[in-house]
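First up is the structure itself, then whatever we jot down about it.
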Amino acid sequence: QKEVEQDPGPLSVPEGAIVSLNCTYSNSAFQYFMWYRQYSRKGPELLMYTYSSGNKEDGRFTAQVDKSSKYISLFIRDSQPSDSATYLCAMSITGGGADGLTFGKGTHLIIQP
Amino acid sequence: GAVVSQHPSWVICKSGTSVKIECRSLDFQATTMFWYRQFPKQSLMLMATSNEGSKATYEQGVEKDKFLINHASLTLSTLTVTSAHPEDSSFYICSASRRGGEQYFGPGTRLTVT
């Protein structure tokens, strides 16, 4: 079993829809959870950074963490064609930028105009 | 702020040669830099962690004599792939973090070994 599981997709939705992206993980020591967006042949761009369980909202993006279920989600409201990209979940045991991150495979998202 | 650059963005080299990739934090001092590798349709895999002035810490299965990492200053880390072979062809991405902060990623370097 991989440490972080993420459905690679592709996930195709119409413009304006609410998108739900998810990851599950097995290591209960993970405490810091991130979502990155990656365009083809580019480096990942940090979207959301959360600690422990709970919700965090930033504009059209909402990140949820449920540590009891080892399940994290990213919701995108009012999705736009420019949101089409690969979304990577990542996590670490310690924060503060001291630890390397463990990534999921990424979900390829397509927003249809 | 928090911009990380990599150079070159794309490199082709012949089997048996060495290639150096640079990673720079442009507008902050990075206490720690990380090197990842990403094969097509795969996740980023951590290769090594480096702190300025210290030896790098390599992940299990990564050959430290093949992937030489030098973290010479708080804004520069280099990865040298020695005696490259076709199976080393991949997308190499660095990230940098400042104390207490998130990791910021560079744009990546695509290495093709012929």
Side-chain angles (χ1 to χ4, degrees), chain A residues 1-11 21-27 30-51 56 58 61 63 72 85-109, chain B residues 1-7 9-10 21 23-25 28-52 54 56-60 62 69 74 90-112:
Chain A
Q1 181 188 11
K2 292 187 188 297
E3 275 201 292
V4 180
E5 299 276 1
Q6 185 178 9
D7 186 340
L11 173 63
L21 304 168
N22 312 292
C23 289
T24 59
Y25 62 95
S26 58
N27 188 347
F30 287 134
Q31 299 220 69
Y32 295 83
F33 304 90
M34 290 131 271
W35 285 94
Y36 286 85
R37 178 172 60 196
Q38 185 178 27
Y39 294 108
S40 181
R41 297 175 181 251
K42 301 291 184 185
E45 171 194 6
L46 179 66
L47 289 175
M48 301 290 281
Y49 181 92
T50 55
Y51 168 69
K56 183 175 182 179
D58 185 359
F61 299 92
I72 69 172
T86 296
Y87 289 79
L88 302 157
C89 64
M91 43 201 80
S92 66
I93 294 173
T94 63
D99 271 1
L101 303 179
T102 300
F103 280 87
K105 262 192 181 182
T107 298
H108 181 42
L109 174 65
Chain B
V3 178
V4 177
S5 70
Q6 278 184 246
H7 178 78
S9 57
W10 188 23
I21 303 169
C23 175
R24 294 181 184 272
S25 56
F28 67 99
Q29 292 189 323
T31 51
T32 307
M33 286 185 166
F34 304 87
W35 287 95
Y36 295 81
R37 181 167 51 183
Q38 186 178 33
F39 291 106
K41 300 190 186 301
Q42 299 296 315
S43 62
L44 280 78
M45 296 297 293
L46 179 66
M47 298 175 67
T49 302
S50 74
N51 293 290
E52 185 257 343
S54 304
T57 302
Y58 291 81
E59 295 299 301
Q60 192 173 8
V62 177
I69 293 172
L74 285 172
S90 187
F91 194 50
Y92 291 86
I93 308 176
C94 72
S95 71
S97 68
R98 44 194 168 191
R99 198 177 303 280
E102 303 90 347
Q103 286 187 34
Y104 297 93
F105 284 80
T109 297
R110 185 159 303 279
L111 170 63
T112 301

>> Going by side chain to side chain donor-acceptor pair (under 3.5 Å), name the residues that satisfy it together with A/T107, two or more places apart in sequence or in a different chain.
In response: A/Q6
>> Less than 4.5 Å to any heavy atom of chain A: does that hold for the side chain of B/Q38, its backbone, both, or neither?
In response: side chain
>> Using heavy-atom distances under 4.5 Å, tell me whether B/I93 contacts chain A through its side chain, its backbone, both, or neither.
In response: side chain
> For B/S5, which residues count as a side-chain contact (heavy atoms from CB on, under 4.5 Å) partner, sequence neighbours excluded?
Replying inline: B/R24, B/L26
>> Under 4.5 Å from any heavy atom of chain B, what part of A/Y39 do you find: side chain, backbone, both or neither?
In response: neither
>> With a 4.5 angstrom heavy-atom cut-off, is it the side chain or the backbone of A/P44 that approaches chain B, or both, or neither?
In response: both
> Can you tell me if A/E3 uses its side chain to pair, donor with acceptor, with the backbone of A/N27 under 3.5 Å?
Replying inline: no
>> I'd like to know if the side chain of A/E45 and the backbone of A/R37 have a donor-acceptor N/O pair within less than 3.5 Å.
In response: no
>> How long is the straight-line distance from CD of B/E102 back to CG of A/L101, given to the nearest 0.5 Å?
In response: 10.5 Å
> What residue, out of B/L44, B/T49, B/L46, has the most heavy-atom pairs lying under 4.5 Å from chain A?
Replying inline: B/L44
